[in-house]
Amino acid sequence: MGKVVLVTGAARQLGGRYVRRAQRDPEIGRVIAVDAVPPEHDLGDAEFVRADIRQPVIAKVLARHSVDTVVHLDVSGTSLGAGGRAQVKETNVIGTMQLLGACQKAPTVRRLVVKSTTSVYGSASRDPAVFSETTPVKSLPSGGFAKDAVEVEGYVRGFARRRPDVAVAVLRFANILGPTADSPLAEYFGLPVLPTVLGYDPRLQFVHEDDVIDVLMAASTEARRGTLNSGTFNIAGDGVLLLSQTARRLGKPIVPVLLPAVTWVGRLLRTAGLSDFSREQIRLLTHGRVVDTRQMRDTLGFTPTYSTAETFHDFARSRGPGLLPPDRMGRAVDRLAELVPPGRPAGAVGPGPGPGARGPAVAGERT
């Protein structure tokens, strides 16, 4: 008969892509797509069930279809439709609690895959240069999607203790980009001019949306010989990019803003509906974040097709040309870099003291 896979968040772009891909896998017999709102995209032959995971009805869905694999993708930083931040938090946290409670009581469930984020590590000036899955977090996120993800992972660990017979995989994704990406960071890069924090040039990592689907498939099906697809894994493309390098590749000018004024700029962008410039995103664009992906390769046995640079190139190509030609933009940024006094921390730009980006600047082409 094949596996019966239940997918939450099927109305989201990522959920819809996974649902369509899962139907082509020979291990999977049926796909049950669940969301509180009807999807606008095609789900193929999957059975769509309109259900809110915050409600006890999700337990009935698991039992009715004898689900053995649950792929929880309804953990997100953005809302669908008119819902605001409060609804997103309820779905992320309360919805996960309700789903895990239903899975705990469902004897047929044997595998659980949960979408998480590298935002659980936070972004701060004293953070290590590279985070591994076991790195102690010095300062937990204080709000937003990052805090939701920390709470979600805590509930998942509790579930794993209560149901040791269930294989649990938590995938901590770096910032997801690609031609159809609809994340807050994609909205930021879609602005005609990129506001940045004066004195900082953070290191960023990306994962391509195609690789996201591939690794979800690897985690939700039987592990290949010599690999283990249960545990917690950082998922990101090879290498890093500096924020200034992303601006060059987009051909967009940057506007450095003093750190105290960035919050005001973010509020203005949110009010105008241009970008969800949250506090956690401001911290990311100040200090950056880089994660170690050895467990992804060595244990999970997954190698992304796209590097961080290739992911961003594919994203930038889909967005069309920016205001400035990339080569001209690169020369302007290089001239600005020549004005930085010697001895400044790697990754820092502009006058005055500051910790700059964590760790050494990475090698990368200038265009």
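Along the sequence shown, residues carry numbers from 1. Only a predicted model underlies this, so the values are computations on that prediction, with no experimental measurement involved.
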CA sep, side-chain torsions, deciding dist, call: D314, H208, side chain to side chain donor-acceptor pair (under 3.5 Å):
CA-CA 9 Å; D314 196 34; H208 197 281; 2.6 Å; yes
With rounding to the nearest 0.5 angstrom, report the CG to CD1 distance, D52 to I58.
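The CG atom of D52 sits 9.0 Å away from the CD1 atom of I58.
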Say whether [X] and [Y], considering side chains only, have a donor N or O and an acceptor N or O under 3.5 Å apart.
X	Y	value
T135	S132	yes
D68	T108	no
R289	N175	no
H72	T8	yes
Y188	S183	no
S123	E280	no

Could you walk me through whether V71 and V5 pass the side chain to side chain contact (heavy atoms under 4.5 Å, CB included) check?
CA-CA 7 Å; V71 180; V5 179; 3.9 Å; yes
Considering all heavy atoms, the nearest [X]-[Y] contact:
X	Y	answer
A236	V291	CB-CG2, 4.2 Å
S318	F315	OG-O, 2.6 Å
T227	G301	CG2-CA, 3.8 Å

Flag the pair F312 / F189 as yes when their ring centroid distance falls below 6.0 Å, and as no otherwise.
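Centroid distance F312-F189: below 6.0 Å, so yes.
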Short side-chain to backbone donor-acceptor contact, E209 and I176, under 3.5 Å:
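No; judged by distance alone, with no hydrogens or angles, the pair does not exist.
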Check for me, please, whether V31 and Y18 land in the same ILVMFWY cluster - side-chain distances under 4.5 Å, paths through other members count.
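As far as the 4.5 Å side-chain criterion goes, Y18 and V31 are connected within one cluster.
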Take atom CZ in R162; do more than 12 heavy atoms of anything else shown fall under 6.0 Å from it?
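Enclosed.
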Only pairs under 3.5 Å count here: list side-chain donor-acceptor contacts from residues 165-174, not counting sequence neighbours, and write none if there are none.
{"from": "D165", "atom 1": "OD1", "to": "R163", "atom 2": "NE", "distance (Å)": "2.9"}
{"from": "D165", "atom 1": "OD2", "to": "R110", "atom 2": "NH1", "distance (Å)": "3.1"}
{"from": "D165", "atom 1": "OD2", "to": "R163", "atom 2": "NE", "distance (Å)": "3.4"}
{"from": "D165", "atom 1": "OD2", "to": "R163", "atom 2": "NH2", "distance (Å)": "2.9"}
{"from": "R172", "atom 1": "NE", "to": "E153", "atom 2": "OE1", "distance (Å)": "3.2"}
{"from": "R172", "atom 1": "NE", "to": "E153", "atom 2": "OE2", "distance (Å)": "2.9"}
{"from": "R172", "atom 1": "NH1", "to": "Y121", "atom 2": "OH", "distance (Å)": "2.8"}
{"from": "R172", "atom 1": "NH2", "to": "E153", "atom 2": "OE1", "distance (Å)": "2.6"}

Please step through side chain to side chain donor-acceptor pair (under 3.5 Å) for the pair N229 and R111, ending with a clear verdict.
CA-CA 10 Å; N229 59 358; R111 182 174 297 278; 3.0 Å; yes
So, K89 and E151, do they make that salt bridge, N to O below 4.0 Å?
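Between E151 and K89 there is a salt bridge, with a charged N closer than 4.0 Å to a carboxylate O.
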Is the shortest distance from a Lys or Arg side-chain nitrogen in D214 or R21 to a carboxylate oxygen in the other one below 4.0 Å?
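Salt bridge present between D214 and R21.
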Restricting to salt bridge (charged side-chain N to carboxylate O under 4.0 Å, His left out), what partner residues turn up for D74, sequence neighbours left out?
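D74 satisfies salt bridge (charged side-chain N to carboxylate O under 4.0 Å, His left out) with R12 once adjacent residues are dropped.
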